[in-house]
Chemist: 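Quick one: the structure is below, questions incoming.
The residues of the chain are indexed from 1 along the displayed sequence.
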Amino acid sequence: MDEQRRKDYLDLISMLLASDHEEEKKVLEDHQSLIDENLIQGLLEVSSLLEGNLGTETISERSVRITQEIALKLNLPEYLQGQSPRPKTFTEYLIYEDLLTELLQITRNSRELGESLQKTLYPLLLENIDKLNDNFAYVLKIWVENKLQIAKEQIEAYRIASDVNKFCGIVRDFFDITTNNTYKLYLPDIAIKGYQVLETFFYRNKFVREQALVLANLGCAYRERLRGDSFKNLDAAIASFENSLKLATSINNSNIINSVNNILSDAYAERLRRIQDETEG
């Protein structure tokens with residue numbers, strides 16, 4: 001995240017905390033481009049750092065309330081308890097970071113040697129299945145953002161992005177084989193966090209084909225998601241597929257166009273069936 005956008009988030013948080021309830025709604029409406037997970041993280045940091053009263057609410061209470069409202073709007077159930085889904089200590093953060101680094105290194109090595117990623121990654125994923133949770137998703141997002149930002153050459157940043165994209169695909173494949181339903185819930189969300197960071201990277205660097213592909217993958221991950229509102233998940237999937245199709249059409253990539261058209265048709269049909277079922281029910 002660049003410094004200007006970071007400042008924009010801080011300014012918005014200051015405005016929200018200085019507004020009454022009615023003004024708060026208008027402030028949010030006027031800053032739609034900043035209504036995302038980063039804003040939620042900022043609000044939660046404020047709630048833990050600042051003290052004081054704001055009329056009938058404390059700063060902490062208002063920050064948590066706004067966080068929960070935005071989390072509902074964005075379909076992020078992991079934030080509904082008013083807490084950030086991230087490691088509680090730096091030591092715990094390093095445990096997740098070390099695991100992620102090892103997994104991504106195996107991903108790169110296996111690809112270069114032509115080894116099966118299922119054979120090389122699945123044993124480590126199974127061994128650490130208790131860590132495949134919201135904390136891991138948070139660390140993945142932060143780690144990838146940082147690594148892409150500090151990469152000295154674009155080719156290295158591209159290699160990192162390729163490794164993460166492949167790893168997210170393995171996480172989604174792992175969803176189909178694991179029988180542990182407790183941790184199965186988190187796997188699509190882990191992939192979603194990774195794909196979202198990659199989509200921003202490819203957009204910023206004008207890699208149109210790669211952006212189209214990762215948006216298609218993001219749509220598939222939303223369709224597979226078990227958490228949150230199922231209709232919102234499906235709508236998010238369809239939006240990703242539509243954006244992917246627009247990009248693929250802009251570069252006339254027939255392979256992506258045909259593939260996404262087929263998936264999008266299935267998604268449209270699924271949404272129509274759900275609407276019909278609700279109407280009949």
Side-chain angles (χ1 to χ4, degrees), residues 1-2 5 8-9 28-29 31-40 70-78 137 140-141 144-145 148-149 154 157-158 160-173 175 187-275:
M1 185 193 308
D2 60 41
R5 189 161 181 85
D8 291 341
Y9 283 119
L28 289 171
E29 289 173 0
H31 296 82
Q32 289 295 316
S33 65
L34 295 173
I35 309 303
D36 58 19
E37 189 174 353
N38 290 318
L39 177 61
I40 291 178
I70 295 174
L72 278 172
K73 181 179 179 181
L74 298 180
N75 199 26
L76 296 171
E78 60 267 36
L140 172 66
K141 177 178 181 290
V144 178
E145 286 176 339
L148 292 176
Q149 190 170 12
Q154 190 177 70
Y158 188 90
I160 293 169
S162 298
D163 292 340
V164 173
N165 186 48
K166 178 61 70 173
F167 173 71
C168 288
I170 290 294
V171 168
R172 288 176 48 221
D173 291 342
F175 175 89
L187 297 176
D189 283 17
I190 291 170
I192 286 169
K193 288 292 189 293
Y195 288 141
Q196 287 173 334
V197 176
L198 296 183
E199 195 272 329
T200 300
F201 169 75
F202 290 136
Y203 168 77
R204 189 169 59 243
N205 289 279
K206 298 181 173 57
F207 292 124
V208 180
R209 174 183 170 277
E210 288 79 1
Q211 187 186 359
L213 286 169
V214 85
L215 278 167
N217 288 335
L218 177 61
C220 291
Y222 269 118
R223 283 192 77 183
E224 295 158 358
R225 195 181 192 207
L226 299 177
R227 304 167 76 194
D229 183 277
S230 61
F231 275 98
K232 288 183 179 179
N233 287 337
L234 183 56
D235 284 343
I238 289 172
S240 292
F241 292 141
E242 289 175 340
N243 288 332
S244 174
L245 190 58
K246 287 178 184 176
L247 290 171
T249 302
S250 74
I251 57 173
N252 196 29
N253 189 306
S254 58
N255 288 334
I256 300 177
I257 291 171
N258 294 335
S259 178
V260 174
N261 264 326
N262 290 333
I263 303 172
L264 188 55
S265 296
D266 289 342
Y268 283 143
E270 182 181 349
R271 183 164 65 179
L272 181 60
R273 284 195 302 271
R274 290 190 183 189
I275 293 172

Chemist: According to side chain to side chain donor-acceptor pair (under 3.5 Å), does anything in residues 246-260 pair up with another residue at least two apart or in another chain? List the pairs.
Modeler: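 Every pair satisfying side chain to side chain donor-acceptor pair (under 3.5 Å) with a residue in residues 246-260: there are none.
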Chemist: Measuring from Leu140:CG to Asp189:CG, what's the distance to the nearest 0.5 Å?
Modeler: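 Here the interatomic distance stands at 11.5 Å.
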Chemist: Ala221 and Pro188: which non-hydrogen atoms are nearest, and at how many Å?
Modeler: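 Scanning both residues completely, I find the closest heavy atoms to be O-CB, 3.8 Å.
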Chemist: Run the salt bridge (charged side-chain N to carboxylate O under 4.0 Å, His left out) test against Asp36 and tell me which residues pass, sequence neighbours left out.
Modeler: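 Listed in chain order: Arg5.
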Chemist: Can you measure from CG (Leu74) to CD1 (Ile40) and round to the nearest 0.5 angstrom?
Modeler: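 Here the interatomic distance stands at 5.5 Å.
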Chemist: Quick one: does Leu39's side chain get under 4.5 Å of His31's, heavy atoms only?
Modeler: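 A side-chain contact under 4.5 Å is absent here.
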Chemist: Measure across Phe202 and Ala161 and return the closest heavy-atom pair with its distance rounded to 0.1 Å.
Modeler: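 Smallest interatomic distance, heavy atoms only, reads CZ-CB, 3.9 Å.
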Chemist: Please name all residues satisfying side-chain contact (heavy atoms from CB on, under 4.5 Å) with Leu187, sequence neighbours left out, ordered by chain then number.
Modeler: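 Here the qualifying residues are Leu132, Val171, Phe174, Phe175, Thr178, Ile190.
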Chemist: Between Ala248 and Ile256, which heavy-atom pair has the shortest distance, and what is it?
Modeler: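 Here Ala248 and Ile256 meet closest at CB-CG2, 3.6 Å.
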Chemist: At their closest point, which heavy atom of Leu215 faces which heavy atom of Ser240, and how far apart are they?
Modeler: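 Scanning both residues, the minimum pair turns out to be O-CB, 3.4 Å.
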Chemist: So, does Arg172 use its side chain to make a donor-acceptor pair with the main chain of Glu224 at under 3.5 Å?
Modeler: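 Looks like no, no N/O pair under 3.5 Å.
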Chemist: So, using side-chain hydrogen bond (donor to acceptor under 3.5 Å, both in side chains) as the criterion, who are the partners of Asn75 when residues are at least two apart?
Modeler: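 Asn233.
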Chemist: Could I get the full list of side-chain contact (heavy atoms from CB on, under 4.5 Å) partners for Ala237, not counting sequence neighbours?
Modeler: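 With sequence neighbours excluded, Ala237 shows a side-chain contact (heavy atoms from CB on, under 4.5 Å) to Tyr222, Arg223, Phe241, given in chain and number order.
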Chemist: Please name all residues satisfying side-chain contact (heavy atoms from CB on, under 4.5 Å) with Asp173, sequence neighbours left out, ordered by chain then number.
Modeler: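 With neighbours one apart ignored, the set is Gln118, Tyr122, Ile170.
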Chemist: Would you compute the distance between atom CZ of Phe201 and atom CG of Asn165 and round it to the nearest 0.5 angstrom?
Modeler: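 Here the rounded value is 11.5 Å.
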Chemist: Please name the pair of heavy atoms, one in Ser244 and one in Ala212, separated by the smallest distance, quoted to 0.1 Å.
Modeler: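 Looks like OG-O, 2.6 Å.
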Chemist: Would the number of heavy atoms belonging to other residues, nucleotides or ligands and lying under 6.0 Å from NZ of Lys166 be above 12?
Modeler: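 No, NZ of Lys166 has 12 or fewer neighbouring heavy atoms, counting only those of other groups under 6.0 Å.
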Chemist: As an exercise, state the distance from CD1 of Ile35 to CD of Glu29, rounded to the nearest 0.5 Å.
Modeler: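 Separation between the atoms: 10.0 Å.
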Chemist: Hey, does Leu245 have a side-chain heavy atom less than 4.5 Å from the side chain of Leu264?
Modeler: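 In short, these two side chains touch, coming nearer than 4.5 Å.
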Chemist: Sequence neighbours left out, what passes side-chain contact (heavy atoms from CB on, under 4.5 Å) with Lys193? Give chain and number order.
Modeler: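 Partners of Lys193 under the side-chain contact (heavy atoms from CB on, under 4.5 Å) test: Glu37, Leu76, Glu78, Ala137, Lys141, Gln196.
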Chemist: Give, for atom CG of Leu198 and atom CG of Leu218, the distance between the pair rounded to the nearest 0.5 Å.
Modeler: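 Here the rounded value is 10.0 Å.
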Chemist: I'd like to check the salt bridge (charged side-chain N to carboxylate O under 4.0 Å, His left out) partners of Asp163; sequence neighbours left out, ordered by chain and number.
Modeler: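 Applying salt bridge (charged side-chain N to carboxylate O under 4.0 Å, His left out) to Asp163 gives Arg108, Arg111.
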Chemist: Roughly how far apart are Leu28 CG and Lys73 NZ, rounded to 0.5 Å?
Modeler: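 One gets 7.0 Å once the value is rounded to the nearest 0.5 Å.
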Chemist: Can you list every salt bridge (charged side-chain N to carboxylate O under 4.0 Å, His left out) pair that touches residues 201-210, not counting sequence neighbours?
Modeler: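 Not a single pair qualifies under salt bridge (charged side-chain N to carboxylate O under 4.0 Å, His left out).
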Chemist: Which pairs with one or both residues in residues 233-244 pass salt bridge (charged side-chain N to carboxylate O under 4.0 Å, His left out), sequence neighbours excluded?
Modeler: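 Sorted result for residues 233-244: Asp235-Arg271.
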Chemist: With sequence neighbours left out, what residues match Tyr158 under ring pair (Phe, Tyr, Trp, His ring centres under 6.0 Å)?
Modeler: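 Listed in chain order: Phe207.
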Chemist: Under the side-chain hydrogen bond (donor to acceptor under 3.5 Å, both in side chains) rule, collect the residues that match up with Asn261, sequence neighbours excluded.
Modeler: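 None.
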Chemist: Would a 4.5 Å heavy-atom cut-off, applied to side chains only, mark Arg274 and Ser230 as touching?
Modeler: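 Yes, at least one pair of side-chain atoms sits under 4.5 Å.
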